[in-house]
Amino acid sequence: MNETAKDFDGIAETAWSLLAAGAGDRRHAMHTPVVASVDADGLPQARVMVLRAADAAAATLRFHTDARSPKVAELAGRPVSVLAYDPAAAVQLRLSGIAAVLGDDPVADVAWAASTPFARRCYLAEAAPGTAAPEPTSGLSAAIEGRKPSLDDLAPARPNFAVVVVTVTRIDWLHLAQGGHRRALLTRQDPGWQGQWRVP
Ligand SMILES: Cc1cc2nc3c(=O)[nH]c(=O)nc-3n(C[C@H](O)[C@H](O)[C@H](O)COP(=O)(O)O)c2cc1C
């Protein structure tokens, strides 16, 4: 481990650049982190979500979801854990923070407008995600399944779309190396991060 690794701000910077790379590149390992919450029964719930944006300055991560999905109630205003691992960098990030769900909101309007028609089509599902179905189904009507939807087709889907913003307050950074693993716990100070080495 070189000298710069002792610089916790530097570790935070590399962590956020990995997350930004994940958000920007669909082939990057950090494109699909696991987002974990706790459900109404107190049970842990983890699921893969596409990372849409990572803002180092604001310490936020952005995800998209169906406003009707069970995870929304588990995430809105609540503590969450986001887990990402990049084998190329040999870095695991365990991020903790608080989630906000934005539906009828300018942030969601912008994200909706920037999504492709095929991405937006998912939100046309007639029943909420997780609804029991009598047979295998995409949830889309036969009229819309298997074709590119028009803007008119997509208009009714907008209320089903929501943005999840996670404000990160802690990063557990783990770097795997043959010569010895390294681990640091970073706590957000705004500005910057306070760090503490941990035994891996
Ligand atoms: C590669 C991959 C990417 C996914 N991306 C998203 C996503 O961006 N947003 C989302 O809500 N669900 C996404 N999912 C589906 C979730 O993992 C989950 O199955 C679904 O949202 C239902 O979760 P819930 O019952 O906890 O609400 C993705 C699944 C996979 C396998």
Side-chain angles (χ1 to χ4, degrees), residues 1 5 7-67 69-102 107 111 119 122 129-130 162-178 180-190 192-200:
M1 185 104 325
D7 172 357
F8 294 114
D9 276 339
I11 291 176
E13 209 173 291
T14 57
W16 282 100
S17 54
L18 281 177
L19 292 163
D25 178 358
R26 55 199 292 274
R27 285 160 306 176
H28 195 282
M30 289 199 178
H31 190 58
T32 46
V34 172
V35 179
S37 53
V38 177
D39 72 14
D41 296 325
L43 295 173
Q45 295 290 347
R47 80 284 288 163
V48 171
M49 294 180 80
V50 171
L51 178 59
R52 308 285 173 172
D55 182 336
T60 55
L61 304 174
R62 181 162 61 80
F63 302 91
H64 295 172
T65 198
D66 192 308
S69 68
K71 72 174 79 54
V72 163
E74 297 168 21
L75 293 171
R78 306 186 64 105
V80 294
S81 166
V82 179
L83 174 66
Y85 172 56
D86 179 7
V91 168
Q92 171 183 263
L93 300 177
R94 296 165 71 191
L95 306 123
S96 317
I98 300 286
V101 178
L102 309 172
V107 171
C122 302
V163 167
V164 177
V165 177
V166 176
T167 301
V168 178
T169 51
R170 269 189 185 203
I171 303 174
D172 183 332
W173 171 91
L174 174 67
H175 180 244
L176 303 177
Q178 237 172 14
H181 308 323
R182 293 290 186 273
R183 182 176 177 193
L185 184 66
L186 306 173
T187 307
R188 190 168 182 231
Q189 293 300 293
D190 195 20
W193 296 81
Q194 189 194 55
Q196 191 180 62
W197 293 116
R198 292 277 160 117
V199 175

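- The nearest pair of heavy atoms linking A29 to P87 is CB-CD, 3.6 Å.
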Would you sort out whether V163 and R52 count as a side-chain contact (heavy atoms from CB on, under 4.5 Å), showing the intermediate values? CA-CA 10 Å; V163 167; R52 308 285 173 172; over 6 Å; no
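- Within 6.0 Å of CZ on R94 lie no more than 12 heavy atoms contributed by other residues, nucleotides or ligands.
- For the atom pair R47 CZ and T32 OG1, the distance stands at 14.5 Å (nearest 0.5 Å).
- No side-chain heavy atom of R78 sits less than 4.5 Å from a side-chain heavy atom of I98.
- Considering only heavy atoms from C-beta on, K71 stays 4.5 Å or farther from V164 through its side chain.
- Summarising the geometry, atom NE2 belonging to H31 is positioned 13.0 Å from atom CG belonging to L19; distances are rounded to the nearest 0.5 Å.
- For the pair Y85 and V91, the tightest heavy-atom approach, listed with the atom from each and the gap, is CD1-O, 3.2 Å.
- Distance check, rounded to the nearest 0.5 Å: CG of D9 to OG1 of T14 gives 10.5 Å.
- Distance check: F8 CZ to T187 OG1 gives 10.0 Å after rounding to the nearest 0.5 Å.
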Run W173 and L18 through side-chain contact (heavy atoms from CB on, under 4.5 Å) and show every step you take. CA-CA 12 Å; W173 171 91; L18 281 177; over 6 Å; no
Audit row: R183, D172, side-chain contact (heavy atoms from CB on, under 4.5 Å) steps and yes/no: CA-CA 7 Å; R183 182 176 177 193; D172 183 332; 2.6 Å; yes
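- Residues W193 and A12 share a closest heavy-atom pair of CD1-CB, 3.4 Å.
- To the nearest 0.5 Å, the span separating OG on S81 from CZ on R170 amounts to 11.5 Å.
- Taking every heavy atom of both residues into account, G180 and R182 meet most closely at O-NH1, 3.5 Å.
- Residues A84 and P33 share a closest heavy-atom pair of CB-CB, 4.0 Å.
- Each of L61, T65, L75 was evaluated against V35; a single residue qualifies, L75, per the side chain to side chain contact (heavy atoms under 4.5 Å, CB included) test.
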Would you check, one step at a time, whether the test side-chain contact (heavy atoms from CB on, under 4.5 Å) holds for D86 with H28? CA-CA 8 Å; D86 179 7; H28 195 282; 3.7 Å; yes
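- Note on residues 10-39: pairs passing salt bridge (Lys or Arg N to Asp or Glu O under 4.0 Å), not counting sequence neighbours, are D25-R27.
- Between R188 and A57, the shortest heavy-atom contact is NH2-O, 3.5 Å.
- In this structure, E74 CD and S69 OG are separated by 8.5 Å, a value rounded to the nearest 0.5 Å.
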